[in-house]
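Hydrogens, waters and symmetry mates play no part in the numbers below; they use all other heavy atoms, side chains included. Residue numbers begin at 1 in each chain, while the letters A, B, ... track the order of the sequences.
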2 protein chains.
Amino acid sequence: MPQWKKRFHDTCFFIPACKTCPVKEGKEVTIYDIARQLHISPATVSRGLNDHPAVSKKTRQKILEVAQALGYQSNTFASSLRKQRTNTLGVIVPKLNSHFVSSVLAGIEKVANEAGYNLIISQSLESAQKEVANAHTMFKSRVDGLIVSLAFDTEDLSHFQPFFKKGIPVIFFDRVALNLPNSTHIIIDNQKAGYEATRHLIEQGCRHIIHITGHLARNVYADRLKGYRQALNEYQLPFSEQQVIVCPLDEQSAWEIGRKIADMKPLPDGLFITNDTFAAICMHALKEKGIRIPADMAIVGFNDDLVSRVVEPPLTTIHYPGQEMGELVARHLINHLKGTVPLTHTHTIIIHSELIIRASSLRKI
Amino acid sequence: MPQWKKRFHDTCFFIPACKTCPVKEGKEVTIYDIARQLHISPATVSRGLNDHPAVSKKTRQKILEVAQALGYQSNTFASSLRKQRTNTLGVIVPKLNSHFVSSVLAGIEKVANEAGYNLIISQSLESAQKEVANAHTMFKSRVDGLIVSLAFDTEDLSHFQPFFKKGIPVIFFDRVALNLPNSTHIIIDNQKAGYEATRHLIEQGCRHIIHITGHLARNVYADRLKGYRQALNEYQLPFSEQQVIVCPLDEQSAWEIGRKIADMKPLPDGLFITNDTFAAICMHALKEKGIRIPADMAIVGFNDDLVSRVVEPPLTTIHYPGQEMGELVARHLINHLKGTVPLTHTHTIIIHSELIIRASSLRKI
DNA sequence: TTGTACGCGTTATCAG
DNA sequence: CTGATAACGCGTACAA
């Protein structure tokens, strides 16, 4: 007698209707329980549950019924152990607490769910060190694929090497690592966005525009700066290093820098800030010092976060579709995992972004 | 010869220095590889890696060295399968995109990490239906414990039954289910908070205060309403159903209701709104209609979200410590899992909250 | 202190 | 179409 049948209580072995035996209290229901119930082999049960073509309609039907009746739940661990795949995607983002990021996550989750993938989400809280820890956890969890938006100050990317070595696809969005070979990036055209934001300010009559941005190791900030300079250049406005303020884009520095700008002489007449929340706080600090927005100083932010619609005056900003980006990222990764699309070469996808003009930058010239 | 040794390449079996055999390219490193390298049994390796007391310092040392050298990663699936535990906690929250929630998550993550637990996070997006799906996923992922803050409109709680049946602890925070037996809840005193917010408005001279809140099936909203009524009662102010507006607390209804309130006759002189973002948008809508805050109408929000500090005027609100709450929740759950603390009876922990007074409600009486 | 042998629940392979 | 059997990698009685 095969080993697995031994688990069956002796007296019940030939009594299919015995409800007490196959499902022991407190024990998980397994394919063996189903198999015993139907007097077939576990192998057939497994096939039936996985829609294997080589199983008759009738048996499949019966298997599903009994599975249902017994409340069977496939054991992911056994399955993952055997299949060497987890059907899980990892996601590492800088912060969960932003409109953009949670839109992206919603998009990723939608696509992942539909494709039968689970998600492990973690935030680096803008710390490279925590990002390394998160990547490590993801690797240990043996995710089938990884989706990343880099932390503020990540420079060394070696924590992704294990993934590359093992052939686990890594795909970046927004805060990407373009110099990394064999990876896919999904971004907006940050240079263009920076250019348009700056040009808009210039067209509104600004001549002395300060640019506040984050760590230039991040593509998003470096490219927006390029766009800013391109616009200045095109309109033959002077540029000096002092016009660019690089800082951590957190709440505290927003207050500090807002106040510092209010004291600048000559007072700048335009601000291009790469973060809405930061811009909102700055604006607040400036108004406290009696500076009128946009009359004295026009402001453009970035991200179209909710806060941009709530501050006074409403903030001109750059909008880009988070949900869409998330869906695209997930779809891309999953297609690759399913072998539909080879992801061999470095690949960059650029999605649309647009300038949303609101009162914070609109003024008569 | 034991079965596992067979995997070893014949010519290498007695040659410990052979680097090619034990670690096959593309293959995972297992405890067998380490065992072969050291000519000991896999059992010893397993014990060594798990700090089992019955293993000599010397062998443990050697095991760790080789593990390090080979880049060994314990296989979670095999381990979980064997141990019947996953060392994973599930977290279901309504929305990731809020200051409060992401603070809580940061707290949970901190404690969970320290205790060696992994996290699976998912958002219900305020939909009961999605919450059910998420709970199901968590159950299939066989989390060791579950942390939940309920969605807006969840009424039926049967999706948590499988957890209770299987003895998996479920712990609620903020949006809890107090009528559920055998579960722990961590909350603030919402009635007290509601009372203090309302009393503050009354003390500022408000006599006709509107309360805007969410679905009263949720404890947080029901209790705040109680507090609101308690304050009115105490100051012998009249109460009618029309003074309470129950609505989905989303962006769109914020605009609508803000405008509706501006047209009310008589115009109310105070608003107590159970959500900062909603309050911020409302305030905006009211100001567009020429209503002065706080002179014509004083406003109190809830949550101390970042937006409350950025709107104009800054919003009086209720602050409660998200990070602390998260740490407490996680610590409680983990203590229970480790068997330190029995979580048998229904148990409620109340943590501190406070009214933060800002300009939106401050006026001369 | 260490080794042996087995089972956790699935799935892949091979043989009917 | 179905069954038997052997892994997947780990942890642990039981034995030595």
Side-chain angles (χ1 to χ4, degrees), chain A residues 1-8 22-24 26-36 38-63 67 70-87 140-142, chain B residues 1-8 22-24 26-36 38-63 67 70-87 140-142:
Chain A
M1 183 191 305
Q3 187 60 31
W4 60 272
K5 289 193 181 170
K6 297 250 176 76
R7 280 209 259 159
F8 205 62
V23 186
K24 300 144 208 152
K27 266 289 187 180
E28 299 290 336
V29 180
T30 75
I31 52 173
Y32 292 99
D33 298 315
I34 300 175
R36 278 192 297 259
L38 291 169
H39 293 289
I40 59 179
S41 98
T44 307
V45 176
S46 173
R47 285 191 278 254
L49 292 168
N50 289 298
D51 283 342
H52 192 289
V55 59
S56 78
K57 275 240 179 299
K58 247 176 47 189
T59 22
R60 189 203 318 293
Q61 183 57 32
K62 276 199 236 161
I63 290 168
L70 262 46
Y72 168 78
Q73 293 279 23
S74 145
N75 184 319
T76 335
F77 304 117
S79 178
S80 290
L81 179 60
R82 182 62 237 241
K83 287 196 300 189
Q84 308 279 38
R85 295 185 299 113
T86 63
N87 257 55
K140 292 226 313 178
S141 303
R142 287 181 164 62
Chain B
M1 182 191 304
Q3 186 61 27
W4 59 272
K5 290 194 181 171
K6 298 252 177 76
R7 282 207 259 158
F8 204 63
V23 187
K24 300 144 204 154
K27 267 288 187 179
E28 300 291 336
V29 180
T30 74
I31 52 172
Y32 294 99
D33 298 316
I34 300 175
R36 279 192 297 261
L38 291 169
H39 294 289
I40 58 178
S41 97
T44 308
V45 176
S46 173
R47 286 190 276 253
L49 293 169
N50 290 299
D51 283 341
H52 192 292
V55 59
S56 78
K57 276 242 179 296
K58 247 175 50 187
T59 21
R60 192 204 314 295
Q61 183 56 34
K62 276 200 235 161
I63 290 168
L70 262 46
Y72 167 79
Q73 293 280 22
S74 142
N75 185 321
T76 334
F77 303 116
S79 176
S80 291
L81 181 58
R82 184 62 237 250
K83 289 194 299 188
Q84 307 279 38
R85 294 185 301 114
T86 63
N87 258 55
K140 291 225 313 177
S141 303
R142 289 180 164 61

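Contact of the B:Arg36 side chain with the B:Ile34 side chain is not registered, since no non-hydrogen atoms from C-beta on lie closer than 4.5 Å. B:Asn75 is listed as a side-chain neighbour of A:Arg142, based on a closest heavy-atom distance under 4.5 Å. Counting only heavy atoms from C-beta outward, the side chains of B:Ile63 and B:Ile40 approach each other to under 4.5 Å. Side-chain atoms of A:Phe77 and B:Thr86, non-hydrogen and from C-beta on, do get closer than 4.5 Å to each other. Contact annotation: the side chain of B:Tyr32 never approaches that of B:Val45 to less than 4.5 Å [non-hydrogen atoms, C-beta and beyond].
Atom pair B:Ile63:CD1 and D:dG11:P shows a separation of 12 Å (rounding to whole Å applied). Atom P of nucleotide C:dT4 and atom NE2 of B:His39 are separated by 14 Å, given to the nearest angstrom. Between B:Phe77 atom CZ and C:dT11 atom P the separation is 14 Å, expressed in whole Å. If you take CG of B:Leu81 and P of C:dT10, they are 9 Å apart, rounded to a whole angstrom. Atom CZ in B:Arg142 sits roughly 9 Å away from atom C1' in C:dG9 (whole-Å rounding). Nucleotide D:dA4 holds its C1' atom 16 Å from the CZ atom of A:Arg36, rounded to whole Å.
Regarding contacts with the backbone of C:dG9, every side-chain N or O of A:Ser79 stays at 4.0 angstrom or more from both OP1 and OP2. For A:Ser41 and D:dA4, the shortest distance from a side-chain N or O to OP1 or OP2 is not below 4.0 Å. Contact annotation: B:Ser56 reaches the phosphate of C:dT2 (side-chain N/O to OP1 or OP2, under 4.0 Å). Under 4.0 angstrom from either OP1 or OP2 of D:dC8 there lies no side-chain N or O belonging to B:Asn75. OP1 or OP2 of D:dG11 has not a single side-chain nitrogen or oxygen of B:Gln84 nearer than 4.0 Å.
Side-chain atoms of B:Tyr32 come within donor-acceptor range of the base of D:dC10, with a qualifying N/O pair under 3.5 Å.
Nucleic acid contact for B:Ser80: none, since no nucleic acid atom lies under 4.0 Å from a heavy atom of the residue.
Applying the side-chain hydrogen bond (donor to acceptor under 3.5 Å, both in side chains) criterion to B:Thr59, with sequence neighbours excluded, gives B:Ser56.
Note on the helix from C:dT1-D:dA16 to C:dG16-D:dC1: angle between the axes of the first and last five pairs equals 40°, rounded to 10 degrees.
Of the residues listed (A:Thr30, A:Ile31, A:Asp33), the one engaging A:Pro42 in a side-chain contact (heavy atoms from CB on, under 4.5 Å) is A:Ile31, and it is the only one.
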What protein N or O atoms touch nucleotides 12-16 of chain C N or O atoms at under 3.5 angstrom, if any, and at what distances?
{"from": "C:dA12", "atom 1": "O4'", "to": "A:Arg82", "atom 2": "NH2", "distance (Å)": "3.1"}
{"from": "C:dT13", "atom 1": "O4", "to": "A:Arg47", "atom 2": "NH1", "distance (Å)": "3.4"}

